[in-house]
Number of protein chains: 2
Amino acid sequence: MTSTFAVLADPSRREILDLLRERERPVGDLVDRLTLTQPTVSKHLRVLREAGLVEVRTDAQKRWYRVSPGPLAEIDAWLAPYRRMWEKSLDALERRLDEIEGD
Amino acid sequence: MTSTFAVLADPSRREILDLLRERERPVGDLVDRLTLTQPTVSKHLRVLREAGLVEVRTDAQKRWYRVSPGPLAEIDAWLAPYRRMWEKSLDALERRLDEIEGD
DNA sequence: TGCCTATATGCCGATCGGGCTATATTGCTG
DNA sequence: CAGCAATATAGCCCGATCGGCATATAGGCA
C-alpha cells in the first residue's frame, strides 16, 4: 500500500487514471490527450500496472488499458479512521450555511 | 491537492499522522515512537504543516501537533468517482462467495 | 546571565523519479 | 519477407527528496 500513495503522487498518473475511468483506452489515445511523449506514457502505464491500478488487454498491436480499482480501496480504508474528523467539521460548516440560507 | 498525495507518499509521514490521530503530541513524543532523529521528524512536521495536514499549538518550549484533516477530505473527493468501481467488484465477489457457501 | 530543554534550520551525500531521445519489439499487411 | 503501425525498453540528465550531523533559536530556571 505504501507504494500506491507514491504512484498516485504523480499528477500525470492521476490524469491517466481519470481518463481511463471514463473508458478503456489504447496507449495512443492517452498520448493524444496528454502533453507527454509516448515513451513517457508507457512508462507511467508500467508503474500503474505494477501497482495493480490498471490492467491491459491486447488487441493486435493495440493495448487497451482500463482501471483496476483494488488498490484505491486500500487507500479508502486508510482514510476511514480520519473520515469522522472532517465530517465533524463539515457538519458544522453545513449548519452555518443552512443558517445563512435561512435568512 | 497534487501535493497532498506527494506528502502522504512518505511512510514516515503517514506514521506521524497515524500517531497524531490518536491524540495531540509534542515533537519529542513522536521522536520516541519513531526510528528517526529529532531533526528528521521536525522536517516531516514542517512538510505536513505546509500541506495543511497538521496544526501546532505552542506551550512553553513544547509544540503540540494535531491532525488537520481538510486535505484528506480532498483526497476522499478524488476517490469518490472510483468508489463505485470497487464496490461493484466487491459485490460480485460477495455473490460468488455466497454461491460457494451455498454449496 | 548562564545553562538546560525542546524544537527548528542548514548543509551534505546518496538515491529516486520524471522527462526526453533513440532503439527494440510485436503484429499486421502487401 | 519488407515495411508500417503501435507500444515497450534502454540509457541519460536533472532536479527533488530523505536521511543524518552540526548548529541555531527560543523558552524556562537557578
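Letters A, B, ... are given to chains in the order of the sequence lines, protein chains preceding strands, and every chain is numbered from 1.
Sorted by residue number, the members of residues 15-37 of chain B with any non-hydrogen atom under 4.0 Å from DNA chain C read B/P26, B/V27, B/G28. For residues 41-49 of chain B, proximity to DNA chain C is found at B/S42, B/K43, B/R46, defined as any non-hydrogen atom under 4.0 angstrom from a strand atom. Near DNA chain C, meaning a heavy atom under 4.0 Å from it, residues 55-66 of chain B has B/Q61, B/K62, B/R63, B/Y65 in order of number.
Taking the side chain as every heavy atom from C-beta outward, B/P26 and B/R63 never approach each other to under 4.5 Å. Side-chain atoms of B/D18 and B/R21, non-hydrogen and from C-beta on, do get closer than 4.5 Å to each other. Using a 4.5 Å cut-off on side-chain heavy atoms (C-beta onward), A/L20 and A/L48 make no contact. Using a 4.5 Å heavy-atom threshold, the side chains of B/L53 and B/V67 count as separate. At least one side-chain heavy atom of A/V41 sits under 4.5 Å from a side-chain heavy atom of A/L34.
Comparing the start and finish of the helix from C/dT1-D/dA30 to C/dG30-D/dC1, five pairs each, the helix axis swings through 0°, to the nearest 10 degrees.
The separation between A/Q38 atom CD and D/dA8 atom C1' is 7 Å, rounded to whole Å.
Residues A/V54 and A/L45 come closest through the heavy atom pair CG2-O, 4.1 Å.
The residue among A/P39 and A/R13 whose nearest nucleotide of DNA chain C lies closer to the 5′ end is A/R13.
Under the 3.5 Å distance criterion, the side-chain polar atoms of A/R25 are matched with a main-chain donor or acceptor of A/L19. Checked by atom type and distance alone, the side chain of A/R14 pairs as donor or acceptor with a backbone atom of A/L8 at under 3.5 Å. Under a 3.5 Å cut-off, the side chain of A/Y82 and the backbone N or O of B/A73 do not form any donor-acceptor pair. Put simply, the side chain of B/D10 gets close to the backbone of B/R13: a donor and an acceptor are under 3.5 Å apart.
At the phosphate of C/dC20, OP1 or OP2 sits under 4.0 Å from a side-chain N or O atom of A/T40.
Under the side-chain contact (heavy atoms from CB on, under 4.5 Å) criterion, A/P39 pairs with A/T37, not counting sequence neighbours. With sequence neighbours excluded, the residues satisfying side-chain contact (heavy atoms from CB on, under 4.5 Å) with A/E24 are A/R57, A/W64, A/R66.
Using modelled atom types and a 3.5 Å distance limit, the side chains of A/D29 and A/Y65 yield no donor-acceptor pair.
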